Amino acid sequence: MKKFVLSKEDQSPATYSISYRDLLNEAQLDAVTHNSGPVLVVAGAGTGKTRTLVYRVARLVESGVDPSAILLLTFTRRASHEMLQRASQILDERCKRVEGGTFHYYCSKLLHQYASKIGYPENFTIIDVSDAMDAIQMVRSRSGFADNKRRFPKKSTLYSIFSSSVNKQCHINKTIEEQFPQFVTHAGSIESLFDAYSAYKEANFVMDFDDLLVKTRDLLNNQEDIRLKVASKNRHVLVDEYQDTNSLQTELTKLFSCVHKNVMAVGDDAQSIYSFRGADHKNMFRFSDHFSGTKVIKLEENYRSTQRILDVANRVLEEAKEKFEKKLYTNNEEGDLPGLIKAANLNDQSRFITQMILNLREQGFELNDTAVLFRNGRDSFDLEVMLNQKNIPYLKFGGQKFTEAAHVKDVLAHLRVYLNPRDTISWNRVLMLIDGIGPKTAEELFAWGQQKDGNPFRPDQAPNTSEKYLIQLRALGSLFEKLKKNDGAVTEQLKEVVEYYSVFCKKRFDDHPKRMKDLETFVDISGKYNSLGKMIEEVALDPIEATAIETEASQKDEPPLILSTIHSSKGLEWRTVFLIQCLDGILPSGYAIDDEDQMDEEVRLLYVAVTRAKEQLFITYPALYQSRYGDYFSNPSRFISNISEKQLEPWLLIEETSEDQLQQGEISSNKNLDS
């Protein structure tokens, strides 16, 4: 047999189809062309973080790396899809074969693949936060803690305790002591409840989001052959938004990359604002400790904002105690000075914003070119009233997602029990829709269905079934038969459930026509899923953001103004940004003032808000703040009170006079309020 030895090709820049050097700045190019080993890319706001990752993917593929050997971990599946779409556009379709998704999605994929190794069936159910809280409430009630004479935490608080403990890898007792000291006397009971909740999930083959991370970590730690197989496949691991990872995700990153050790983490410590979800911005600072031989690259050239906005952002960041030293700069125009507007009260603050928005609109700005940002959803209530009075359409973000709505969860519950008849929470939801069935009867029907001689899909056959709900139980049994008949046809199965559910929807909700239209739209988009299990899992892991009704309403008018919490605005940008209620006690929060780490996060929150603006920035606050506890004189945020007037220009709001009425159209230069 003859042999021919292939020598390695030396790919010089000239052999690449993409002219990386012409398309990227020096720091971006350094990151994109990094050869091997760990690298941390500290990417300031608006510095082309996504662009860098997109070109990094393209470069690796163009260098001959098998696309399926690249793992791109992002914080939404939409983000990874868009990145791979862009990479495909600048290179070719090979980029779509890159393994992309969230930590939870990738972990779910591994756990389904190796379900037998952890004692789970392949069709285990993933429950979202709302379902997890319901499961905790059920276990809480069964355990008798609800009858405690002393105040016991509610299901939402218990979920927060459990999730924080898991994500921060911190004992339940310590989590309670540090974050929920008011419940220290119940620490023992809460720990027992956590064990009972864990046992419930194991017994019913369900996992919450935290389980996906924990069980994958344990699987890879305990099964060396699987760990090596997974890590060997991942020649390059890219992690986006690394500042928002928790300790579990850091462990998983190390496990996913333990063979080739080619990790690129991209993030901005100055935009870490999710500690309440367990995110730990210190993962950025510890990266070099976790991954030996790390190269650090800083992206500081901003492509989004004017220099004067960046000057304010850089000044705000000086308040942070712990940070990577970096200074944002740009080649954009210098722009207008950001404005600091002190209003007499909330009403005047709202008057100023609505009048400025209408003024900008007359200058040619689209309403959706502008965003009003705030710390808490309630901070915009006064403004919303005035926007309605002025007939200014708006869309508010930071609220409930489509898949969290009751009618959508009801429909999904029927599909969940069809796939996993041991899903108690979904069974309770399905059965208690029927008139006359309460928690006790639902539990009895569920228990019978799990017995050897029981049939969960024919609850009408349970002994001693009352005549008053027998007809509905038969209809439910008929629904399951139709689902089985249409097995594999996702849209047809969803149609059957929606038709069955329509009776309950009309009884339960006054606005049932809108909700039914939502469900009809859900049926329309279900065709993109190739299996029922896939659809339910993807909807849980990556919830649909808005309803069809909201989308339809926005199309009948001009694109609306955006109202958003700062947290929900992260990653977005607008020509003009108003930041309202920038007060001490709100930003920073009064709860953070005595905690240095929390105060640093409050600085980062303000930094995120400021860096959303491209051309104009207005920071407003009322001198007199009205709350349900009474009125009080307020102080501007301590983070902006010392910023020079050369960087943040004070505006004076004065009432219009008869003389001003003769000079219409000068509100932007005179900074007046009309009366």
Side-chain angles (χ1 to χ4, degrees), residues 34 36-40 53 56-57 60-61 63-77 79-81 83-84 94-124 126 166-167 169 205 207-242 244-266 283 287 290-294 533-534 537-538 540-542:
H34 177 73
S36 61
V39 59
L40 176 66
L53 278 169
R56 173 67 172 169
V57 168
L60 288 173
V61 172
S63 297
V65 177
D66 181 350
S68 65
I70 302 169
L71 174 61
L72 172 64
L73 295 171
T74 59
F75 267 74
T76 65
R77 287 196 64 208
S80 65
H81 175 76
M83 285 186 199
L84 298 182
R94 285 177 294 170
C95 296
K96 289 185 178 178
R97 290 173 43 222
V98 169
E99 182 78 63
T102 64
F103 276 93
H104 294 90
Y105 180 79
Y106 185 60
C107 288
S108 169
K109 185 175 180 179
L110 292 176
L111 291 174
H112 280 297
Q113 185 178 349
Y114 298 108
S116 61
K117 301 289 186 180
I118 58 172
Y120 270 69
E122 195 175 321
N123 67 334
F124 64 81
I126 299 171
V166 171
N167 283 302
Q169 297 294 280
F205 302 139
M207 294 188 199
D208 61 25
F209 292 162
D210 298 331
D211 292 325
L212 296 174
L213 304 184
V214 171
K215 291 187 182 298
T216 302
R217 188 268 317 267
D218 293 345
L219 170 71
L220 298 183
N221 272 332
N222 299 334
Q223 307 268 352
E224 185 181 12
D225 57 331
I226 296 175
R227 179 174 71 250
L228 292 176
K229 185 176 181 181
V230 170
S232 295
K233 182 178 181 294
N234 297 327
R235 278 193 60 190
H236 289 270
V237 177
L238 313 178
V239 187
D240 188 21
E241 305 285 11
Y242 196 74
D244 292 331
T245 56
N246 56 41
S247 58
L248 260 175
Q249 289 163 329
T250 295
E251 284 188 65
L252 287 167
T253 302
K254 289 159 71 175
L255 289 165
F256 295 156
S257 61
C258 64
V259 171
H260 300 289
K261 302 187 186 305
N262 294 322
V263 186
M264 174 175 283
V266 181
N283 283 344
F287 188 85
H290 292 147
F291 300 94
S292 179
T294 291
K534 193 76 173 171
E537 183 167 309
E538 291 198 13
L541 291 172
D542 196 20

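Predicted model, so just to flag it, every value in this text is computed and none were measured. Numbering starts at 1 and runs along the sequence shown.
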Side-chain heavy atoms of Lys229 within contact of Tyr114, under 4.5 Å:
yes
Rounded to the nearest 0.5 Å, how far apart are CG of Leu220 and CG of Leu110?
6.5 Å
For Lys233, enumerate each residue passing the salt bridge (Lys or Arg N to Asp or Glu O under 4.0 Å) test, keeping only those at least two apart in sequence or located in another chain.
none
Closest heavy-atom pair, Cys95 versus Val61, reported as atoms and distance to 0.1 Å, is SG-CG2, 4.3 Å
Rounded to the nearest 0.5 Å, what separates atom NE2 in His236 from atom NE2 in His34?
8.5 Å
Please list all pairs passing the ring-ring contact (aromatic ring centres under 6.0 Å, His included) test where one or both residues lie in residues 244-265, with sequence neighbours left out.
Tyr106-Phe256
Any side-chain heavy atom of Tyr105 within less than 4.5 Å of one from Leu73?
no
Nearest heavy atoms of Ser80 and Gly101, plus distance in Å:
OG-N, 3.5 Å
Taking ring-ring contact (aromatic ring centres under 6.0 Å, His included) as the test, write out the residues that go with Phe291, two or more places apart.
Phe287
So, applying side chain to side chain contact (heavy atoms under 4.5 Å, CB included) with Met264, which one of Leu60, Leu40, Leu238 is it?
Leu238
Is the number of heavy atoms from other residues, nucleotides or ligands within 6.0 Å of CZ (Arg235) greater than 12?
no
For the residue pair His104 and Leu213, establish whether any side-chain heavy-atom pair is separated by less than 4.5 Å.
yes
Once side-chain hydrogen bond (donor to acceptor under 3.5 Å, both in side chains) is applied, do any residues pair with Ser36, and if so which ones, sequence neighbours excluded?
none
Look up atom NZ in Lys215 and atom CD1 in Ile118, then write down how far apart they are to the nearest 0.5 Å.
6.0 Å
Please enumerate all residues that pass side-chain hydrogen bond (donor to acceptor under 3.5 Å, both in side chains) together with Ser108, with sequence neighbours excluded.
Glu537
The side-chain hydrogen bond (donor to acceptor under 3.5 Å, both in side chains) partners of Asp208 (sequence neighbours excluded) come to Tyr197, Lys201
Would you list the pairs meeting side-chain hydrogen bond (donor to acceptor under 3.5 Å, both in side chains) in which at least one residue belongs to residues 217-226, sequence neighbours left out?
Gln169-Arg217, Arg217-Glu251
Which pair of non-hydrogen atoms, one from Ser292 and one from Pro38, has the smallest distance, and what is that distance?
O-CG, 3.3 Å
Interatomic distance, CD@Gln249 vs OG1@Thr102, rounded to 0.5 Å, equals 9.0 Å
Set of salt bridge (Lys or Arg N to Asp or Glu O under 4.0 Å) partners for Lys109, sequence neighbours left out
Glu99
Qualifying residue, where the test is side chain to side chain contact (heavy atoms under 4.5 Å, CB included) with Thr253 and the options are Val239, Asn283, Thr245
Val239
Residue list, salt bridge (Lys or Arg N to Asp or Glu O under 4.0 Å) with Lys254, at least two apart or on another chain
none
Between OG1 on residue Thr76 and CG on residue Asp240, distance to nearest 0.5 Å
8.5 Å
Going by the rule salt bridge (Lys or Arg N to Asp or Glu O under 4.0 Å), which residues pair with Arg94 if we only count those two or more places apart in sequence or in a different chain?
Asp92
Quick check: does any side chain N or O of Lys261 sit under 3.5 Å from a backbone N or O of Cys258, one acting as donor and the other as acceptor?
yes
What's the separation between atom CZ in Phe103 and atom CG in Asp244, rounded to the nearest 0.5 Å?
11.0 Å
For Phe205, enumerate each residue passing the ring-ring contact (aromatic ring centres under 6.0 Å, His included) test, keeping only those at least two apart in sequence or located in another chain.
Tyr120
Answer whether the closest heavy-atom distance between the side chains of Ile226 and Lys117 falls below 4.5 Å.
yes
Side chains of Met83 and Val98, heavy atoms from C-beta outward: is any pair under 4.5 Å?
no
Any residue meeting ring-ring contact (aromatic ring centres under 6.0 Å, His included) with His81, in chain and number order, not counting sequence neighbours
none
